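Please read these numbers as outputs of a predicted model, since none were measured by experiment.
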Amino acid sequence: GGQVWEDTSLLNWDINDFRLFCGDLGNDVTDEVLTRTFSRYPSFQKARVVRDKRSNKSKGYGFVSFKDPADFTRALKELNGKYVGSRPIKLSKSNWKDRNIDLVKTKQQVKKQMGYKY
């Protein structure tokens, strides 16, 4: 306990990509399902469903990466609210670039000192 798990597989994604956050995913949605859904866009690069590391169950969200901002915008407009698997998908711009890992770790240390468990 007390350890923060980081998904290292996201580190080998292009740092200059345009990334969509895909929320409200059902348990039936896999990396392959997301890939099939978004591969119609020419600059599609990768799709990933985030899973619990112990149980391997979907956490209900994932990310899709594009090289071209035009494809990113088209996918966001065309597929938001469309069914992917058994549920309508909720898309938004990923804020992963806004995360400063040092700031996140500092906040986690402060919470730990205050007695919070996470």
* Are V64 and T35 close enough, and set up right, to give a side-chain contact (heavy atoms from CB on, under 4.5 Å), and what steps lead you there? -> CA-CA 8 Å; V64 178; T35 298; over 6 Å; no
* **Working for side-chain contact (heavy atoms from CB on, under 4.5 Å), residues K67 and F72** => CA-CA 8 Å; K67 194 73 182 155; F72 163 85; over 6 Å; no
* Which is it for L76 and F18 under the side-chain contact (heavy atoms from CB on, under 4.5 Å) test, yes or no, and what are the steps along the way? -> CA-CA 11 Å; L76 181 61; F18 296 88; over 6 Å; no
* To do: Output, in order, the C-alpha distance, side-chain angles, deciding distance and verdict of side-chain contact (heavy atoms from CB on, under 4.5 Å) for F66 and F38.
  => CA-CA 9 Å; F66 297 91; F38 288 93; 3.7 Å; yes
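Between R54 atom CZ and D52 atom CG the span is 7.0 Å, to the nearest 0.5 Å. With rounding to the nearest 0.5 angstrom, the CG atom of L34 is 5.5 Å from the CD1 atom of I89. To the nearest 0.5 Å, atoms CG (L25) and OG (S58) are separated by 6.0 Å.
Contact check for D68 versus R74: no side-chain heavy atoms found under the 4.5 Å cut-off. Counting only heavy atoms from C-beta outward, the side chains of D17 and Q45 approach each other to under 4.5 Å. Using a 4.5 Å heavy-atom cutoff, the side chains of N27 and R87 are not in contact.
Not a single salt bridge (Lys or Arg N to Asp or Glu O under 4.0 Å) links R36 to another residue, sequence neighbours left out. By the side chain to side chain donor-acceptor pair (under 3.5 Å) test, S43 pairs with D71, sequence neighbours left out. F21 pairs by the ring-ring contact (aromatic ring centres under 6.0 Å, His included) definition with Y61, F63, not counting sequence neighbours. In this view, K90 satisfies the side chain to side chain donor-acceptor pair (under 3.5 Å) rule with no residue, not counting sequence neighbours. Checked against side chain to side chain donor-acceptor pair (under 3.5 Å), D28 has the following partners two or more places apart in sequence or in another chain: S86. Shown here are the side chain to side chain donor-acceptor pair (under 3.5 Å) partners of T37, two or more places apart in sequence or in another chain: there are none.
For V29 against R51, the heavy-atom pair with the smallest separation is O-NH2, 3.6 Å.
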